[in-house]
Amino acid sequence: MLSRRKFLAASGAALLLPHVSGRAADAVTDASVLQPVLQLRPQVFFKSYAIAGGKPTELWGFNGRTPGPELRFRKGDLARISVSNGLTKNTAVHWHGIRVPHAMDGVPYVSQPPIIPGATFEYEFLLKDSGTFWYHPHERSFEQVGRGLYGALIVEEASPPAVERDIAWVLSDFLLDPATGAHQPFGVMSVHAQAGRIGNVITINGADVGSGIRLEVAQGERVRLRLINASTARVFSLAFDGHKPWIIAFDGHGVTPHLLAASDTFLGPGMRLDLILDCVNQAGQEFSVNDLISGQGLAKITYPGRAPLRSAALPAPARLAANDIPVPDLKKAVRHEIEFRGGDAGPLGIGMVNGKAISYDDMKHKYGLAWTVANHAAIEHEHQHEPLLVLKHNASYVLNLSNRTAFAHPIHLHGTPFQVLRYNGVAPRYPEWRDTVFMNSFDDVQIAFVAATRGDWMFHCHILEHAASGMMGVIRIE
Ligand code: C2O
Ligand code: CU
């Protein structure tokens with residue numbers, strides 16, 4: 001793939017300069033480099049997977065592929081992305097994990113009108129943070145993402161760690177009918193009220209893992225592997241036979257490099273993990289990358305016998321330069337408790353819908369809702385949401401999140417990454433910034449952040465079937 005910077009140099013920057021939209025709240029700084037306008041078009045296309053014996057599956061993808069194009073920028077760039085809707089349904093694009101002005105957040109009815117079929121919306125935002133991010137629609141996302149609308153958005157560091165290769169693996173799955181190749185029905189209430197839609201075809205960068213995905217490496221090679229979980233509901237936990245990968249970032253933000261350990265490996269929907277993989281084995285060898293949760297082999301790391309790149313082991317990778325995120329003042333922080341309830345197992349959920357107390361049964365059968373956040377079950381973006389919390393601009397907050405359900409939930413906040421202070425009362429081994437935090441059933445997690453950007457920011461479970469059935473809310477910063 002062509003890096004944007006190289007593309008800019010190759011195509012004559014002067015030709016690309018004139019269009020500067022006045023819409024973005026971020027100014028073009030001296031450090032930012034004006035980028036050409038990238039075009040993304042959600043559209044239908046067809047692809048065959050072995051499970052259906054070669055019968056084509058209708059997929060939805062950006063620019064007719066899934067994942068959509070890998071967008072690469074440098075920290076400080078001004079991204080300009082024009083999205084023209086080639087579907088017959090409304091859509092919009094959310095830039096997951098990117099600190100954007102509210103109007104660029106891509107949430108229909110909350111930050112912009114939906115992009116109707118045939119219409120175009122131009123996004124423009126400054127890339128303040130480097131890291132591994134991704135993009136996806138926020139309209140019926142359990143279906144739109146589930147049909148293939150997602151892609152990687154990578155913002156390179158000013159001085160990235162030295163590696164021979166920098167690769168993204170976008171992990172996902174599809175739930176197909178083996179007889180027809182069609183997607184099994186979306187929006188099934190019993191699925192929304194349980195663990196979400198788990199596919200029967202696991203994919204890496206759109207390819208069926210059953211088709212034999214190979215990462216061919218040379219002895220001594222150092223690879224940066226960016227894992228992005230774009231599935232609607234599947235949690236991954238990767239194990240690399242014969243290798244000891246270093247974790248260098250969670251959700252794009254640098255962490256003290258440490259070896260991948262079991263406790264770090266729950267990669268819930270929406271979450272990312274940057275690894276440094278030192279390929280220390282010998283020509284002719286082959287190793288599996290396995291998903292410990294499904295028990296499936298996902299890929300093979302093979303050593304086809306290229307000339308060794310180095311013989312001695314490399315030292316631990318350096319820590320990535322930190323992104324300049326406002327640090328919460330924990331002494332002054334205002335604290336809030338947020339409980340998550342509901343689901344078809346475990347303690348009985350109850351909640352509020354449209355301001356009325358309601359039983360779990362009524363929630364499910366009258367409204368198609370199964371989950372609550374702070375006792376509210378939100379209906380996906382049909383209107384402006386009433387905020388769960390109203391926060392003061394630039395003040396610090398600590399949220400105590402408690403999962404009172406028998407299910408796991410990766411909880412995501414738009415607009416700013418947060419520090420994870422505690423998992424079940426225990427501080428993480430190394431300080432963490434994340435935008436999505438994995439809560440196992442009955443876990444308590446404490447997060448903190450500065451309410452740095454005004455707007456209505458979505459706060460939701462990234463199991464998209466859960467988000468669509470109530471596990472969503474808005475945090476207002478004013
Ligand atoms: Cu990745 Cu609210 O989204
Ligand atoms: Cu959930």
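Only this structure's heavy atoms are used, side chains among them; waters, hydrogens and symmetry mates stay out. For ligands, and for the atoms within them, numbers begin at 1 and follow the listed sequence.
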Do any of the N, O or S atoms of His462 sit under 2.8 Å from the Cu ion (ligand 2)?
no

Any idea how His102 and Trp457 line up, ring-wise: parallel (<30°), tilted (30 to 60°), or perpendicular (>60°)?
perpendicular

Rounded to the nearest 10°, what angle sits at the Cu ion (ligand 2) between ND1 of His409 and ND1 of His466?
100°

Please note down the angle at atom 1 (Cu) of ligand 1 between NE2 of His462 and NE2 of His136, to the nearest 10°.
110°

Measuring centre to centre across the rings, with the benzene-like ring taken for any Trp, is Tyr123 within less than 6.0 Å of Phe121?
yes

Do any of the N/O/S atoms of His412, backbone or side chain, fall under 2.8 Å from atom 2 (Cu) of ligand 1?
no

Going by ring-ring contact (aromatic ring centres under 6.0 Å, His included), Phe142 matches just one of His466, His462, His192. Which one?
His192

Would you call Arg72 and Glu156 a salt bridge, taking side-chain N to carboxylate O under 4.0 Å as the test?
yes

Of all N, O or S atoms in His96, which has the smallest distance to atom 1 (Cu) of ligand 1?
ND1

Report yes or no: does His460 have an N/O/S atom closer than 2.8 Å to atom 2 (Cu) of ligand 1?
yes

At less than 2.8 Å, would any N/O/S atom of His414, backbone or side chain, sit next to atom 2 (Cu) of ligand 1?
yes

Does the plane of the ring in Trp371 sit parallel, tilted or perpendicular to the ring in His409? Use 30° and 60° as the thresholds.
perpendicular

For His138, the N, O or S atom at the shortest distance from atom 2 (Cu) of ligand 1 is NE2

First locate atom CZ of Arg272, then atom NE2 of His96, and finally report the distance between them rounded to the nearest 0.5 Å.
4.5 Å

